[in-house]
Amino acid sequence: MPRHSPSLDRATPERIAETALLLVDEGGPEALTFRALAARLDISLASVQRRCTDLAGLLDLCTDHLAARLPEIEPGTDWATATETRFTVLYRVLAAHPGLVALRGARPWLGPNLLARLVEPQLADSLAAGMTPEEAITAYRRMYLLTLGSASFVDHRDPKAAQAVTRTAVASLDPEEFPVLTGSLAAIVPAVVDHEVYYGALRQLIHAADPARSGAGRNQQ
């Protein structure tokens with residue numbers, strides 16, 4: 001029998017994901033390296049690499065670990081409520097870890113937990129509510145892209161810094177060339193970190209796609 005490795009016991013997928021997220025949250029995207037992760041876990045570099053062979057695998061592990069926090073919606077919940085619940089929780093999870101969002105970049109956010117807790121039930125609910133497959137996919141993509149973009153646009157963990165960057169950038173503009181931007185500084189700066197901008201936009205998308213309002217559900221009867 002192969003010799004048991006205590007390092008592998010310490011390098012569970014859960015511990016690796018939690019520790020990797022902690023490194024990114026503390027030091028930003030550049031802080032996440034296999035050597036730093038191994039040191040924080042007090043295990044060998046080889047033990048980490050056995051669990052996730054490369055950075056892509058490590059990021060997949062982290063994102064699916066976070067996706068486990070997405071809610072399981074009670075059967076019978078109306079479509080609009082279920083949809084808003086799923087996407088607002090996803091937004092909060094992503095906004096809490098901007099470094100991870102930055103590291104993943106354009107990589108697809110896929111994994112067993114995300115598929116099982118968001119994608120599959122959301123599409124299934126949409127079909128059950130009366131949408132066609134094309135309508136269900138379109139509605140999902142619109143809300144997903146809104147959520148991902150809104151979470152990654154600024155570091156919501158440090159709103160003062162995000163506002164300061166925006167204020168400096170707009171204040172440096174020539175008022176004659178950019179009269180609207182420079183004249184609207186007081187309105188622009190708070191909006192940069194206002195979560196209600198996202199929540200309002202999400203509700204608008206839900207309202208527009210809701211089969212109960214559009215009549216899609218009635219057409220299926």
Side-chain angles (χ1 to χ4, degrees), residues 16-37 39-40 54-56 58-70 83-111 114 118 140-208:
I16 289 176
E18 290 170 358
T19 305
L21 287 168
L22 187 61
L23 286 172
V24 174
D25 291 344
E26 291 176 348
E30 64 278 1
L32 183 59
T33 67
F34 273 61
R35 291 190 182 280
L37 184 57
R40 182 66 68 92
D54 55 18
L55 180 60
L58 176 57
L59 295 177
D60 286 343
L61 194 67
C62 290
T63 53
D64 208 50
H65 178 75
L66 290 178
R69 302 178 187 178
L70 297 178
T83 300
E84 183 171 351
T85 300
R86 290 190 184 102
F87 281 99
T88 52
V89 174
L90 177 63
Y91 170 74
R92 290 167 186 161
V93 167
L94 296 180
H97 301 282
L100 178 66
V101 177
L103 276 173
R104 288 197 61 91
R107 286 176 53 78
W109 289 75
L110 297 174
L114 189 71
L118 177 68
Y140 172 84
R141 287 290 294 170
R142 287 172 176 167
M143 295 172 204
Y144 171 76
L145 293 175
L146 169 69
T147 304
L148 188 58
S150 297
S152 62
F153 184 67
V154 296
D155 185 345
H156 290 283
R157 297 181 310 152
D158 191 356
K160 290 184 178 179
Q163 288 179 316
V165 170
T166 301
R167 183 182 293 107
T168 299
V170 176
S172 67
L173 298 174
D174 182 348
E176 293 187 0
E177 188 175 0
F178 300 97
V180 176
L181 285 171
T182 56
S184 306
L185 185 60
I188 292 172
V189 171
V192 170
V193 294
D194 184 2
H195 293 294
E196 188 55 39
V197 172
Y198 166 75
Y199 297 135
L202 177 64
R203 293 184 193 112
Q204 287 180 335
L205 287 177
I206 291 173
H207 181 87

When you compare the side chain of [Y] with that of [X], does any pair of heavy atoms fall below 4.5 Å?
X: V89; Y: R69; result: no
X: L58; Y: F34; result: yes
X: L100; Y: T63; result: yes
X: R86; Y: L70; result: no
X: L118; Y: F87; result: yes

Applied to residues 177-201, the side chain to side chain donor-acceptor pair (under 3.5 Å) test, sequence neighbours excluded, yields Y91-H195, R92-Y199, T147-Y198, E196-R203

The complete set of side chain to side chain donor-acceptor pair (under 3.5 Å) pairs with one or both residues in residues 17-33, sequence neighbours excluded, reads D25-H97, E26-R40

Check your understanding: CZ of F153: more than 12 outside heavy atoms within 6.0 angstrom?
Key -> no

Sorted by chain and number, sequence neighbours left out, side-chain contact (heavy atoms from CB on, under 4.5 Å) with V101 holds for L94, W109, L148, S152

Distance col, row L90:CG vs T85:OG1, nearest 0.5 angstrom, shows 12.5 Å

d(H207 NE2, L202 CG) to nearest 0.5 Å is 13.0 Å

Expected output: side-chain S172 to main-chain A169 donor-acceptor under 3.5 Å | yes

Given 3.5 Å as the limit, does a donor-acceptor pair link the side chain of R167 with the main chain of V189, or not?
no

Heavy-atom nearest pair, L37 first then A20, reads CD1-N, 3.7 Å

Heavy-atom closest pair (A36 atom, A31 atom, distance to 0.1 Å) is CB-O, 3.7 Å

